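I have placed the structure first, in the form of C-alpha cells, so that the comments after it can refer back to it.
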Amino acid sequence: GIVTIDDAISILQDEASEDIAKMNAIGPSDKPYFKQSMWDLYKSRAPWLLFLMISATFSSLVIRGYEDALAAVTVLTAYIPMLTDAGGNAGSQSTSTIIRGMAVGDIQPHDLPRILWRESRVALLCGGTLAVCNFVKLLVFDRIAAPVALVVCLTLICTILLSQIIGGILPVAAEKLHVDPAVMASPLITTIVDTTTLLIYFNLKDAAASVKDTRIGMPGGSGKLLGIFFAKGGRQEPGMTGDFQKISEMKRKNAEEQG
C-alpha cells in the first residue's frame, strides 16, 4: 500500500507524455520510442493525420469558392500562408496557456467569461502590434498598394482575435464534455483557424472593394477598382495615375448625365 517517490515520478512522466502526444495529434503510447514497432508508430499517427487532412478540406472549399477573385487579384494569394500561420500560432498559444492553467487548477470551466475577456484584450494588443509592423513591411519592402496592405492587416487583427477566443473556448468546452482538453491543442485549432481566416480575408476584401466602388460611383462588382489597386502585382506605379484620371472622368460624365 506504499507509493514510493519513484512510482509517483513514473506516473507523472506517463501523464505528461500522454498530454504531449495528444497536443501534437499523436496517439499516446506507454512504450519508449525505440521499443515501439513501425506499425505502432503508424497507428498512433495515421488516424489523426487522416482526420486533419479531411477537416482541412473546408479550407480548400473556401479557396475554391473565391478562385475567381484569386485569379483576378493574384497578390492576395501571397499573404494567405502568413495569415493562417499567424492565426494558428496565436490560437495555439491561447490553448496551451488555458490547458496548463486547467491542469494545475488555476482555471475552472466557470471562468470562461473571464478567459474570453482577457484573451480578447491580449489578442487586440498582439494583433495591433503585428498589423502595424506588417503594414510598414508591406508598404516599404513589398511596395504593395495601401488598400491591399490595409485589407491584409485588418484580416490579421481579426484572425488573431478570433484565434485566441477559439483557443480559450475549446479546452473549456472539452472539459465540459469530459474530453481531454489536450486534444483541442495545436493541430485541431490550426485547422479550424485556417478556414475562418480565409473567410475573414476574402470577405474583408469584398467589403473594402464594395465601399470604394460606391464612393467613386461605380456600382456593381469590385473587379474594376481592384484591377487598379492590384495592377502589376499590387504595386503602386506611375502608370496607375491614368487609371484614376479615367475614373474621375467617368464620374464626371455620370454626374452630368444624371443632372
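Being a predicted model, the structure only gives us computed values, none of them experimental.
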May I have the list of side-chain donor-acceptor pairs in residues 104-115 shorter than 3.5 Å, sequence neighbours left out?
unit_1	atom_1	unit_2	atom_2	d
Gln108	NE2	Gly105	O	3.4
Asp111	OD2	Gln108	N	2.9

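- Side chain of Ser94 to main chain of Gly91: no donor-acceptor pair is present (N/O by atom type, distance under 3.5 Å, no hydrogens or angles).
- In this structure, Leu138 and Cys153 have side chains that are in contact, with non-hydrogen atoms separated by less than 4.5 Å.
- No more than 12 heavy atoms of other residues, nucleotides or ligands shown are found within 6.0 angstrom of CZ on Arg100.
- Across all their heavy atoms, Ala149 and Ile144 have their closest contact at N-CG2, 4.0 Å.
- Across every non-hydrogen atom of Ser59 and Leu198, the tightest pair is O-CD1, 3.7 Å.
- Of all the heavy atoms in Pro81 and Ala78, the pair that sits closest is CD-O, 3.7 Å.
- There is no path of hydrophobic side-chain contacts, each under 4.5 Å, that joins Leu116 to Val122.
- Hydrophobic clustering (ILVMFWY, side-chain heavy atoms < 4.5 Å, transitive): Leu124 and Ile169 are in one cluster.
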Derivation of the side chain to side chain contact (heavy atoms under 4.5 Å, CB included) call for Tyr201 and Val151: CA-CA 8 Å; Tyr201 191 28; Val151 168; 4.2 Å; yes

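- Residues Phe202 and Val62 approach most closely at CD1-CG1, 4.1 Å, considering heavy atoms.
- The nearest pair of heavy atoms linking Gly87 to Thr159 is CA-CG2, 3.5 Å.
- Put simply, the residue from Ile80, Asn134, Leu204 that forms a side-chain contact (heavy atoms from CB on, under 4.5 Å) with Val152 is Asn134.
- The backbone N or O of Ser37 lies less than 3.5 Å from a partner atom in the side chain of Asp40, making a donor-acceptor pair.
- To the nearest 0.5 angstrom, Ile200 atom CD1 is 11.0 Å from Thr195 atom OG1.
- Note that the SG atom of Cys158 and the CG atom of Leu199 stand 12.5 Å from one another [nearest 0.5 Å].
- Tyr66 has its side chain within reach of Asn203: a pair of non-hydrogen atoms, C-beta onward, lies under 4.5 Å apart.
- Among all heavy-atom pairs drawn from Cys126 and Ile160, the shortest one is CB-CG2, 4.3 Å.
- Val193 and Ile157 sit in two unconnected hydrophobic clusters of ILVMFWY residues. Membership requires side-chain heavy atoms under 4.5 Å apart, directly or through other members.
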Leu170/Ile192 under side chain to side chain contact (heavy atoms under 4.5 Å, CB included): CA gap, chis, key distance, verdict: CA-CA 11 Å; Leu170 286 182; Ile192 296 173; 4.0 Å; yes

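- Rounded to the nearest 0.5 Å, atoms OG1 (Thr97) and CD (Glu119) are 6.5 Å apart.
- Hydrophobic clustering, with ILVMFWY side chains joined whenever heavy atoms are under 4.5 angstrom apart, groups Leu83 together with Leu130.
- Here the rule is side-chain hydrogen bond (donor to acceptor under 3.5 Å, both in side chains) with Tyr79, and of Thr155, Asp142, Thr84 only Asp142 fits it.
- A 6.0 Å sphere centred on CZ of Phe135 holds more than 12 heavy atoms belonging to other residues, nucleotides or ligands.
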